[in-house]
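In this text, all values refer to a predicted model and were calculated from it rather than measured experimentally.
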Amino acid sequence: MTEIIVVTSGKGGVGKTTTSASLACGLARTGKKVAVIDFDIGLRNLDLIMGCERRVVYDFVNVINGDCTLKQALIKDKRIETLHVLAASQTRDKDALTAEGVRKVLDELIAEGFDYILCDSPAGIEKGAHLAMYYADRAVVVVNPEVSSVRDSDRILGLLASKTERAEKGNGGVKEHLLLTRYSPRRVAAGEMLSITDVKEILGLDVIGVIPESPEVLSASNAGTPVILNEGTDVSEAYGDAVARLLGEERPLRFIDEAKKGFFTRMFGG
Amino acid sequence: MKKAADASSASAIDLRFGQVGLLQVRLRTMNPGTILDELSGRIASAPQFFQRTGVCLDLSALEQEPDGVELRGVIDAVRRAGMITVGLADTSPLSDTLAPELGLAVLGGFRQLSRPPEQKTAKAQTEAHKAVEPPPPQGGVPALIHAQTVRSGQRVYGRDRDLVVTATVGAGAEVMADGCVHIYGALRGRAMAGVRGDATARVFCQEFRAELVAIAGVFRVFETLPAELAGQPVQAWLDGEELRFTRIGA
Amino acid sequence: MGLLDLFRRTPATANVAKERLRIIVAQERSSRGAPDFLPLLRRELLEVIRKYVNVDPDSVQVNVEQDGGHDVLELSVSLPEKLR
């Protein structure tokens, strides 16, 4: 049984691609066969985050157009054997992606026995984002604890509830999860940042993961390593927890409290 | 033109066989992404040098027989790397069936798989050992001696023998031989020995400033010269699949 | 962080953000399910009503409410004071 998961957010720059890459790695690490697809036509990034940019010969649109076989276009990850990447096309033609084409590729992946297909959605609420979510069984909505991201996420939740195949056919709808990124416990404690509870309350959804704000994310993307693979770091652990929860495990949220500081640290070393 | 009726003398084309530099790519996988990655990695030191170079694909080391679709993927990968596939090496019987389908030439004269690649199975190893070495160049043929400076764009080729250049080989010039290449001057251009597959051929020069050195198709491009070799008398030889360089008399 | 910061309370901007979001999200959700023709319908209705009664443009409210399995089109027009 294949599960199609869309990673989406509405707003750009909140960490969709970072999240797609890390969730895909995390799922594949458990031995599941995983494909992660970049839906951002014209602006591909997933290959860079995954560190496989030098191996892109064919892309998603090539497969849809029949320029090559799916097998030729799937890039096998060098670190995890069961992980495969399908890069986005660099074409400027936004119409290159069609609902039928996407369906065809997904069906082929399903026939190949993939356990999970992750769809890395482009930002915005245009066609690419729409197609990325259309066939999804589940959605991970990536949100930063900040007003514009929360508002955009709410719009995306509205689309998930109406403009997906599951919603249209009344198959119980798409199962939605929130994933908070760039979370700074210190700033939440100082009252400068929305808390997990605030975001949960406003969007009315449960949180599947909270990723702390960390320079690790940037250095991992510089290196082309999905940050979940930087073991021992908070971010990697937090993504690991999110993957476990996606797989149905119950785990308490971690890295959400400010490290307690003594009076002297507060005074002399900020 | 002597006579109008003599159509053959007024030919529209001239024919001549030429020796051309082709990059031979021996495939061990048909995965386009893996091939692109390695190709672009290997040529990264001198991308200009390989820009639009002709490529000959060698299918002899593949464990599974590729089909036309797979081969098209490889050709696209080569194209992404900035090079052009012009033919298949005659080292595999498959080349004869696949080449016409893809509009490619079948090219001969390449060195056969002489040494098993590192991660091969025992079975593949025995097969590899069965591969025949091409006969070495005929002995007793005197070397081709070239006394003038070889300038940029020029090429001197010692077919079936050694080449001795008693002057400088300039930047952009190319000297090659089926046997060894000896340069009693500075080597600033490219030198290729064992062009038709003789892995025992060597390159010698009085003053090493090479752009490229190749022996039996195994090459190394020099963006920056290793300090211990620059300007020194140097010899190069092939140790298995590895090109080695040392100072002469060091 | 210096000594003074210990005594100065930073304004809790997160609370402001939360309040703003609560309102805007509620607002957008209510208009989200609405069919695209609502604004046009509202304008045309307004024109018809104005043939007979001179009402204020803001006095016509058109909404679609979900009531159980039914969509209910709700129309409210507040008439000017002197007509009553």
Side-chain angles (χ1 to χ4, degrees), chain A residues 10-11 125 141 143-163 167-168 170 173 176 178 180 182-205 256 258-270, chain C residues 1-47 56-78:
Chain A
K11 190 174 185 295
I125 49 172
V141 179
V143 55
N144 286 171
E146 126 329 285
V147 279
S148 57
S149 173
V150 174
R151 179 211 215 171
D152 285 356
S153 296
D154 192 65
R155 297 189 71 184
I156 284 292
L157 288 169
L159 292 177
L160 283 166
S162 59
K163 301 280 165 83
E168 284 172 6
E176 300 150 342
L178 282 184
L180 265 75
R182 306 235 171 113
Y183 193 76
S184 164
R186 185 187 62 77
R187 302 187 65 190
V188 172
E192 299 167 8
M193 186 183 263
L194 291 166
S195 71
I196 301 168
T197 330
D198 293 341
V199 178
K200 259 162 79 169
E201 230 178 86
I202 295 162
L203 295 177
L205 267 188
I256 55 173
E258 187 184 12
K260 291 278 179 290
K261 283 180 184 171
F263 178 77
F264 284 99
T265 7
R266 286 168 75 198
M267 270 186 70
F268 301 113
Chain C
M1 198 182 264
L3 189 62
L4 275 178
D5 294 320
L6 287 179
F7 305 106
R8 193 194 302 146
R9 280 194 58 86
T10 43
T13 51
N15 274 335
V16 182
K18 188 179 169 185
E19 278 320 303
R20 288 173 63 208
L21 273 169
R22 222 201 280 280
I23 292 161
I24 191 149
V25 164
Q27 219 172 51
E28 287 181 348
R29 275 183 194 168
S30 68
S31 62
R32 189 181 291 148
D36 304 337
F37 59 76
L38 275 195
L40 193 64
L41 177 69
R42 185 177 163 277
R43 207 166 65 226
E44 290 186 15
L45 279 172
L46 187 64
E47 278 167 26
D56 192 67
D58 289 335
S59 61
V60 178
Q61 295 289 331
V62 183
N63 277 316
V64 176
E65 296 268 306
Q66 294 227 310
D67 182 17
H70 304 281
D71 283 347
V72 177
L73 180 68
E74 187 189 76
L75 176 68
S76 91
V77 185
S78 47

* Hey, what do you get for CG (L21(C)) to CZ (R151(A)), rounding to the nearest 0.5 Å? -> 9.0 Å
* side chain to side chain donor-acceptor pair (under 3.5 Å) partners of E146(A), counting only residues at least two apart -> S148(A)
* **Separation of I202(A) CD1 from I23(C) CD1 (nearest 0.5 Å)** => 10.5 Å
* Results of side chain to side chain donor-acceptor pair (under 3.5 Å) for D198(A) - residues two or more places apart only -> S195(A), K18(C)
* Does CZ in R22(C) sit with more than 12 non-hydrogen atoms of other residues, nucleotides or ligands closer than 6.0 Å? -> yes
* To do: Could you tell me which non-hydrogen atom of A17(C) sits nearest to which non-hydrogen atom of V147(A), and how far apart they are?
  => CB-CG1, 3.6 Å
